Number of protein chains: 2
Amino acid sequence: MITHGARVTIDYEGETPLWRQLAEILRGQIAAGEYGHGARLPSDTTLVQQYGLARGTVRKAIDALVTDGLVRRVQGRGTFVV
Amino acid sequence: MITHGARVTIDYEGETPLWRQLAEILRGQIAAGEYGHGARLPSDTTLVQQYGLARGTVRKAIDALVTDGLVRRVQGRGTFVV
DNA sequence: GCCCATTTGTACGTATGTATG
DNA sequence: GCATACATACGTACAAATGGG
């Protein structure tokens with residue numbers, strides 16, 4: 001079930017939107033301490049490759065984390081855990 | 001300045017993102033009471049036609065208002081002022 | 001200062017699904 | 001059943017910012 005390094009997989013058939021599934025995965029990883037304070041999350045492109053999603057979908061997932069104040073995006077640098 | 005019924009126009013050349021300009025326009029109209037409490041905003045499609053933007057851009061603008069708690073979207077019905 | 005690779009930001013278009021009335 | 005309206009997901013292209021060489 002592992003796909004390109006992603007430890008958790010997206011369920012393309014389920015009822016939960018793909019962007020929400022990814023958001024939950026990332027949220028879980030942050031909560032688990034895999035990405036500590038100030039750590040940089042994988043880039044959009046990396047997540048696209050790891051989870052097999054479109055960039056728009058990946059960005060929508062991260063948008064949710066940004067709205068929750070969990071991460072912060074910096075153009076040209078990356079997305080960082082607050 | 002009038003374009004397809006839109007009272008305010010989008011500046012395609014300026015530095016302000018189109019989605020932000022539309023968000024400000026709608027915010028202003030709500031603040032001005034053009035759309036009162038419970039009123040329904042124009043549909044995505046209508047805004048697309050009025051302002052000459054892509055639907056994704058229109059939705060991103062409304063996303064901002066939703067995040068601010070200014071409006072609420074209901075699938076199948078519309079977007080309503082909170 | 002300049003080029004280049006990386007990364008996020010914006011904007012477009014298309015298609016299909018889901019909910020409401 | 002049908003039309004309308006929002007939701008999801010894909011793809012593409014280019015702009016802007018950052019940092020390294």
Side-chain angles (χ1 to χ4, degrees), chain A residues 3-6 9-27 30 35 38-82, chain B residues 3-6 9-27 30 35 38-82:
Chain A
T3 307
H4 298 89
T9 322
I10 298 290
D11 173 18
Y12 292 90
E13 315 304 331
E15 51 192 26
T16 307
L18 307 183
W19 67 265
R20 188 179 294 278
Q21 291 184 48
L22 177 55
E24 287 315 306
I25 290 171
L26 294 173
R27 220 186 288 273
I30 292 172
Y35 299 108
R40 210 198 80 185
L41 257 55
S43 72
D44 291 2
T45 304
T46 301
L47 292 173
V48 163
Q49 293 166 344
Q50 283 185 343
Y51 293 95
L53 300 172
R55 190 179 167 216
T57 305
V58 166
R59 286 189 65 81
K60 189 166 172 62
I62 299 180
D63 277 345
L65 305 187
V66 170
T67 296
D68 286 2
L70 233 75
V71 303
R72 179 174 129 261
R73 284 200 272 224
V74 183
Q75 187 173 0
R77 297 219 289 132
T79 302
F80 304 88
V81 178
V82 174
Chain B
T3 307
H4 298 89
T9 321
I10 299 290
D11 173 19
Y12 293 89
E13 315 304 330
E15 50 194 27
T16 307
L18 307 183
W19 68 265
R20 188 178 295 278
Q21 290 184 48
L22 177 55
E24 287 314 306
I25 289 172
L26 294 173
R27 218 187 289 273
I30 292 172
Y35 298 108
R40 210 197 81 186
L41 257 54
S43 70
D44 292 2
T45 305
T46 300
L47 291 172
V48 163
Q49 294 167 343
Q50 283 186 342
Y51 293 94
L53 301 172
R55 190 178 169 219
T57 305
V58 166
R59 286 189 64 81
K60 189 165 173 61
I62 299 181
D63 277 345
L65 305 187
V66 170
T67 297
D68 286 3
L70 233 76
V71 302
R72 179 176 129 259
R73 282 200 274 225
V74 183
Q75 187 175 1
R77 297 217 292 130
T79 303
F80 304 88
V81 177
V82 175

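Within every chain, numbering begins at 1; the chains are lettered A, B, ... in the order of the sequence lines, protein sequences first and strands thereafter. Here the structure is a predicted model, which is why all the values come from computation and not from measurement.
- The interatomic distance linking B:W19 (CH2) with C:dT8 (C1') rounds to 14 Å, in whole Å.
- Relative to the side chain of A:R73, the nucleotides C:dC12, D:dC6, C:dT8 differ in distance, and C:dT8 lies closest.
- Considering B:L65, B:I62, B:T79, B:V82 as possible partners of B:L70, the one that fulfils the side-chain contact (heavy atoms from CB on, under 4.5 Å) test is B:L65.
- For B:R20 against C:dG9, a side-chain-to-base donor-acceptor contact under 3.5 Å is absent.
- Checking D:dC10, D:dT8, C:dA11 against the side-chain heavy atoms of A:A54 singles out D:dC10 as nearest.
- The separation between A:Q49 atom CD and C:dT6 atom P is 11 Å, rounded to whole Å.
- Taking atom CG of A:D63 as the reference point, atom C1' of C:dG9 lies 11 Å away to the nearest angstrom.
- Counting to the nearest Å, the P atom of C:dT7 and the CZ atom of A:F80 are 10 Å from each other.
- For A:T57, taking side-chain heavy atoms from C-beta onward, the closest of the listed nucleotides D:dT8, D:dC10, C:dT10 is D:dC10.
- Using a 4.5 Å heavy-atom cutoff, the side chains of B:V48 and B:L53 are not in contact.
- In this structure, B:R55 places its CZ atom 14 Å from P of D:dA9, rounding to the nearest Å.
- A donor-acceptor contact under 3.5 Å is not formed by the side chain of B:R59 with the base of D:dA5.
- With rounding to whole Å, B:D44 atom CG is found 16 Å from D:dA3 atom C1'.
- Distances from the side chain of A:R77 to the nucleotides C:dA11, D:dT8, D:dT18 place D:dT18 closest.
- Distance OH (A:Y51) to P (D:dT8): 20 Å, rounded to an integer number of Å.
- Residues B:F80 and B:V74 meet the side-chain proximity criterion, which asks for heavy atoms closer than 4.5 Å.
- Residues A:T16 and A:E24 are not in side-chain contact: their nearest non-hydrogen atoms beyond the backbone lie 4.5 Å or more apart.
- Residue B:G78 is classed as a sugar-phosphate contact, given heavy-atom separations below 4.0 Å to backbone atoms only.
- In this structure, B:T46 and A:V74 both approach DNA chain D, and ranking their closest nucleotides by distance from the 5' end singles out B:T46.
- Across all strands, A:T45 comes closer than 4.0 Å to no nucleic acid atom at all (heavy-atom distances).
- A:Q75 contributes a side-chain N or O that forms a donor-acceptor pair with the base of D:dA16 under 3.5 Å.
- One atom, NZ of A:K60, and another, P of C:dT10, lie 15 Å apart when rounded to the nearest Å.
- Residues A:L18 and A:Q21 are in side-chain contact: their nearest non-hydrogen atoms beyond the backbone lie under 4.5 Å apart.
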